[in-house]
Amino acid sequence: MVRAGLSTERLVRAGAELADEAGFEQVTVSALARRFDVKTASLYSHLRNSHDLRTRIALLALEELADRAAEALAGRAGKDALAAFANAYRDYAREHPGRFEAARYRLDPETAAASAGVRHSQMTRAILRGYDLAEPDQTHAVRLLGSVFSGYVGLESAGGFDHSAPDSQESWERVLDALDALLRNWPITPPPAPDPTGHR
């Protein structure tokens, strides 16, 4: 690759490509320098360190994923919205495994608050409002959906479903059916038990 024209944006996109090819954990400033055939020190005018690089890749991935999810959700509601949202995540993970891993990179609170991660939460909550879930159950459900999507995609990408029937696609569709049924019949939190002493 040519040395001229290096910029922070170009380096971050190259880092995202490297993540997809070799794994997010392999992304470092020195690995990126080798990719561009330059000295590592020459990249420090654009990137502070490998953590800065990974953070920027995480922000890129969150933005890309939010854009894809928003496009998939347009005009949909209920189970159609749930399935479209879930499939957007799964498809992105299949196409960009390193970026998807980057999207789960731990960010400091200030960076997270300014990231597209906020859009992900807003979209999830918009879907859940279609199921008439209020707080705190809405937050519980946001965490449930995130855990299921991330866990399923992680196991699938690691080959965890490759050697048994039925195939992964059939299970994925059943998982979405089950989530839809659960959200439509969310368990009601029982009222607190009365204090036998009569005190509140």
Side-chain angles (χ1 to χ4, degrees), residues 19 24 54-55 57-161 164 166-194 200:
F24 184 59
R54 290 173 179 165
T55 297
I57 295 170
L59 295 174
L60 171 67
L62 286 169
E63 189 74 35
E64 290 179 342
L65 191 46
D67 288 345
R68 181 175 292 203
E71 183 178 354
L73 280 175
R76 298 178 185 273
K79 185 183 177 183
D80 284 346
L82 175 67
F85 190 68
N87 286 325
Y89 273 73
R90 186 178 180 222
D91 291 346
Y92 185 83
R94 287 171 152 184
E95 294 169 26
H96 301 292
R99 282 171 161 91
F100 187 76
E101 186 178 351
R104 294 175 288 174
Y105 190 58
R106 190 180 187 92
L107 303 174
D108 65 74
E110 184 177 352
T111 302
S115 76
V118 176
R119 290 173 60 201
H120 293 258
S121 177
Q122 291 170 339
M123 286 186 283
T124 307
R125 290 178 183 279
I127 292 169
L128 293 173
R129 283 194 293 274
Y131 288 95
D132 294 324
L133 286 185
E135 291 295 4
D137 288 324
Q138 193 177 103
T139 295
H140 297 324
V142 168
R143 293 171 179 171
L144 170 68
L145 294 181
S147 299
V148 172
F149 298 160
S150 181
Y152 194 97
V153 167
L155 289 169
E156 185 178 48
S157 64
F161 308 138
S164 61
D167 67 24
S168 181
Q169 179 60 32
E170 183 176 342
S171 292
W172 175 252
E173 291 172 3
R174 294 295 289 154
V175 165
L176 296 182
D177 287 342
L179 287 173
D180 174 64
L182 172 60
L183 293 172
R184 285 187 285 105
N185 298 278
W186 191 263
I188 297 173
T189 303
R200 291 185 181 274

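Sequential numbering from 1 along the given sequence is applied to the chain's residues. Hydrogens, waters and symmetry mates play no part in the numbers below; they use all other heavy atoms, side chains included. Worth saying up front: this structure is predicted, and the values here are computed from it rather than measured.
- A search for ring-ring contact (aromatic ring centres under 6.0 Å, His included) contacts involving F85 returns Y89, not counting sequence neighbours.
- The shortest heavy-atom contact between S115 and L62 is OG-CD1, 3.9 Å.
- Shown here for A81 and I127, the closest heavy-atom pair between the two residues is O-CD1, 3.9 Å.
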For T55 and D108: C-alpha separation, side-chain torsions, deciding distance, then whether side chain to side chain contact (heavy atoms under 4.5 Å, CB included) applies.
CA-CA 9 Å; T55 297; D108 65 74; 5.9 Å; no
Applying side chain to side chain contact (heavy atoms under 4.5 Å, CB included) to L179 and F149, what does each step give before you reach the verdict?
CA-CA 11 Å; L179 287 173; F149 298 160; 3.9 Å; yes
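- For the atom pair R125 CZ and L145 CG, the distance stands at 11.0 Å (nearest 0.5 Å).
- For Q138 (side chain) and L133 (main-chain N/O), a donor-acceptor pair under 3.5 Å exists by modelled atom type.
- Distance check, rounded to the nearest 0.5 Å: CG of L65 to CG of L60 gives 11.0 Å.
- Atom OH of Y105 and atom CG of L59 lie 11.0 Å apart (nearest 0.5 Å).
- With respect to D132 and R184, no salt bridge is recorded, no charged nitrogen being found less than 4.0 Å from a carboxylate O.
- Residue pairs satisfying the side chain to side chain donor-acceptor pair (under 3.5 Å) criterion with at least one member in residues 146-158, sequence neighbours excluded, are listed as follows: R90-E156, R94-E156, R104-S150, Y152-S168, E156-S168.
- Considering every non-hydrogen atom in both L107 and A58, the closest pair reads CD2-CB, 4.2 Å.
- Formation of a donor-acceptor pair under 3.5 Å by the R174 side chain with backbone atoms of E170 is not found in this model.
- The aromatic ring centroids of Y92 and H96 lie less than 6.0 Å from each other.
- E135 CD: more than 12 foreign heavy atoms inside a 6.0 Å radius.
- The CZ atom of R119 sits 4.5 Å away from atom CG of D67, with the distance rounded to the nearest 0.5 Å.
- Defined by atom type and a distance below 3.5 Å, a donor-acceptor pair is present between the side-chain atoms of N87 and W172.
- Side-chain atoms of N185 come within 3.5 Å of backbone N or O of A181 as a donor-acceptor pair.
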Pair L82, Y131 - check side chain to side chain contact (heavy atoms under 4.5 Å, CB included), show working.
CA-CA 10 Å; L82 175 67; Y131 288 95; 3.8 Å; yes
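- A distance of 11.5 Å separates CG of D177 from OG of S171, quoted to the nearest 0.5 Å.
- With salt bridges taken as basic N to acidic carboxylate O contacts below 4.0 Å, none links R68 and D91.
- The two residues A69 and A88 make their nearest non-hydrogen contact at CA-CB, 3.9 Å.
- Atoms CG and CG, on D80 and L73 in that order, are 10.5 Å from each other to the nearest 0.5 Å.
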